[in-house]
Amino acid sequence: MAEHVARRCCLGWDFSTQQVKVVAVDAELNVFYEDSAHFDRDLLEFGTQGGVHVHEEGLTVTSPVLMWVRALDIILERMKASGFDFSQVLALSGAGQQHGSVYWKAGASQVLRSLSPDLPLHKQLQACFSISDSPVWMDSSTTAQCRQLEAAVGGAQALSCLTGSRAYERFTGNQIAKIYQQNPEAYSHTERISLVSSFAASLFLGSYSPIDCSDGSGMNLLQIKDKVWSRVCLAACAPHLEEKLGSPVPSCSVVGAISSYYVQRYGFPPGCQVVAFTGDNPASLAGMRLEEGDIAVSLGTSDTLFLWLQEPMPALEGHIFCNPVGSQHYMALLCFKNGSLMREKIRDESASCSWSEFSEALRSTEMGNGGNLGFYFDVMEITPEIIGRHRFSAENHKVPAFPRDVEIRALIEGQFMAKRIHAEGLGYQVMPKTKILATGGASHNRDILQVLADVFGAPVYVIDTANSACVGSAYRAFHGLRGPPSSIRQA
Ligand SMILES: Nc1ncnc2c1ncn2[C@@H]1O[C@H](COP(=O)(O)OP(=O)(O)O)[C@@H](O)[C@H]1O
Ligand SMILES: O=C(CO)[C@@H](O)[C@H](O)COP(=O)(O)O
């Protein structure tokens, strides 16, 4: 058993699309412990692909809520078995894939409050959810609810000015409206609705955690300037929604001390503080220590691009969220659904399932791909709404296929050109001092990052770990304890 030297620390968690991850960060902000539980590989009994179930009609996408609980049990048990000294944990925070929602059944708060330290969480929480399969961000089945919400507030731009985004299918208000309309009984048996982030925080608190303003901005329900729920949006989605959501809180709030369950079962100190959990993209913004003019590109299951903003300018494309670090500031975000899973498909088809062959193809082809262009959307894209594979030759003719190496470069150049074009559409300009900060699983791949640098004509940096959402969560735990360390904003 590995012995760990006593080291005061904060934990950062990430409940993302394909796995739950954790890091421990010491007072000098060094990461000294990392682990993860991967849903498809470590939790076979849930039968997910890429961490989700895509339903038959292709639009509804869900994840089993107990799978997330079980993943937490697995990691905590592994930490304990490795000799991790939980008594040194001053505080913890975390992140969740954005927009997904969890429906706690009436009576669940009582179960959360009286957890027995003799049993793992998943054994005790089995009957706590009125919806066992949570809708997640990949869901695009709520177009009707989106149109209803926009109509209720006076149109798409009006909704964007109020909440930071026009109505998007994956945004939680529209997902809740669908559940209320299609399954009113389950809705009425629901005493609390959490985001994935506040659900995970609730597991640590042993009571319902409030939703933080930054992740709350991904619901089409929060007035991003006043940081309160919009009454008109709530009413347009479902009845009694305000009481089921609880009030939103600033992202750096301490929401309480850790539940006695963790004190007794794992040896956490009773004073260990839980800082509000937030979305994985907001947590990455904290973890990457963005500065004005920088642009962050996260290459996780989704590809996202985000910036720190002083003044919000909500538009019909992209999202404005409350900033998770500077409570008076904002962040802009663009989300692309065809990210890593699309790259994996082309890798399997054109590079014998090997990232090193994929990289070799990028190295053996030239920047610009001889004029061949491709855009690949196997699932309905978010930015923009489009599906299918679209390839164009140097002569600008639509073609059905490319040679294998050309296909790989076309995919990666197309993905990054789309990011630059859509960012420029929002007013972003590449400047001489621009730095691109990359994170997420695909940021391990230097050849992919080289294409990113070529397309933007700017240098690309990666931090020591690709898990910026976890690291950002640990920084946010320190921030919640004692205000932001100056080094968090100065990379
Ligand atoms: N060497 C690599 N080259 C390209 N992509 C990679 C590489 N290693 C991992 N990935 C991608 O990283 C993805 C997972 O990214 P990650 O940020 O951990 O996901 P999430 O946080 O959304 O669960 C995988 O789906 C995989 O395609
Ligand atoms: O929908 C969005 C952002 O709006 C996604 O970025 C999710 O937050 C999922 O994140 P990853 O698991 O891909 O990091």
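Counting convention: from 1, in listed order, for ligands and their atoms alike.
Looking only at side-chain heavy atoms (C-beta outward), Trp13 and Cys470 stay at 4.5 Å or farther from each other. Side-chain contact between Ser16 and Thr301 is absent, with no heavy-atom pair separated by less than 4.5 Å. In this structure the side chain of Leu11 reaches within 4.5 angstrom of the side chain of Phe84, judged on heavy atoms.
The N/O atoms of Ser302, backbone and side chain alike, include none that comes under 3.5 Å of an N/O atom in ligand 1. Looking at Gln18 next to ligand 1, an N or O pair under 3.5 Å apart turns up. Taking distance alone, with nitrogen or oxygen atoms compared against 3.5 Å, Asp14 stays at or beyond that limit from ligand 1. Of the N or O atoms in Gln97, none lie within a sub-3.5 Å distance of an N or O in ligand 2.
The aromatic ring centres of His319 and Phe171 sit less than 6.0 Å apart.
The closest side-chain donor-acceptor pair between Thr304 and Ser302, if any, does not fall under 3.5 angstrom.
Although no hydrogens or angles enter the test, the distance criterion places a donor-acceptor pair under 3.5 Å between the side chain of Ser160 and the main chain of Ala315. The backbone N or O of Pro135 lies less than 3.5 Å from no partner atom in the side chain of Thr62, so there is not a single donor-acceptor pair. Proximity of a side-chain donor or acceptor of Ser217 to a complementary backbone N or O of Cys322 within less than 3.5 Å is detected. In this structure a side-chain-to-backbone donor-acceptor pair under 3.5 Å is missing from Arg166 to Gln157. Under a 3.5 Å cut-off, the side chain of Asp40 and the backbone N or O of Gly51 do form a donor-acceptor pair. Not a single donor-acceptor pair under 3.5 Å links the side chain of Thr142 to the backbone N or O of Gln145. A distance-only check finds a donor-acceptor pair linking the side chain of Asn369 to the backbone of Val406 [under 3.5 Å].
Listed by number with element, the atoms of ligand 2 under 4.0 Å from a non-hydrogen atom of His99 are 1 (O), 2 (C), 3 (C), 4 (O). Listed by number with element, the atoms of ligand 2 under 4.0 Å from a non-hydrogen atom of Ser302 are 5 (C), 6 (O), 9 (C), 10 (O), 11 (P), 13 (O). Every atom of ligand 2 with a heavy atom of Gln98 under 4.0 Å away is listed here by number and element: 3 (C), 7 (C), 8 (O). Under a 4.0 Å criterion applied to the non-hydrogen atoms of Ser16, ligand 1 contributes the atoms 20 (P), 21 (O), 23 (O). Listed by number with element, the atoms of ligand 1 under 4.0 Å from a non-hydrogen atom of Glu344 are 24 (C), 25 (O), 26 (C), 27 (O). Interface atoms of ligand 1 facing Ser340, defined by a heavy-atom separation under 4.0 Å, are 11 (C), 12 (O), 13 (C), 25 (O), 27 (O). In the vicinity of Thr304, heavy-atom distances shorter than 4.0 Å reach the ligand 2 atoms 6 (O). In summary, the atoms of ligand 2 found under 4.0 Å from a heavy atom of Ser16, numbered by their order in the structure, are 12 (O).
At a 4.0 Å heavy-atom cut-off, ligand 2 does not touch Ile382 at all. If you look at Ile448 next to ligand 1, the close heavy atoms, those under 4.0 Å, all belong to the side chain. Heavy atoms of His319 found under 4.0 angstrom from ligand 2: none, in either backbone or side chain. Contacts with ligand 2 closer than 4.0 Å are made by side-chain heavy atoms of Asp280 only, the backbone lying farther away.
From Leu159, atom CG reaches atom CG of Leu149 across 5.0 Å, with rounding to the nearest 0.5 Å.
By heavy-atom distance, the residue among Gly440, Ser356, Gly441 lying nearest atom 12 (O) of ligand 1 is Gly441. Of the options Trp137, Trp355, Phe358, the smallest heavy-atom separation from atom 6 (C) of ligand 1 is shown by Trp355.
Taking atom 3 (C) of ligand 2 as the reference point, the nearest protein heavy-atom neighbour is Asn281 ND2, 3.3 Å. Looking only at heavy atoms of the protein, atom 9 (C) of ligand 2 is closest to Trp137 NE1, 3.3 Å. Looking only at protein heavy atoms, the nearest one to atom 2 (C) of ligand 2 is Cys335 SG, 3.5 Å. For atom 12 (O) of ligand 2, the closest non-hydrogen atom on the protein side is Thr17 OG1, 2.5 Å.
Under a 4.0 angstrom heavy-atom cut-off, Lys21 registers as being in contact with ligand 1. Residue contact annotation: Arg343 has no non-hydrogen atom under 4.0 Å from ligand 1.
By the 4.0 Å N-to-carboxylate-O rule, Lys337 lies too far from Glu169 to be salt-bridged with it.
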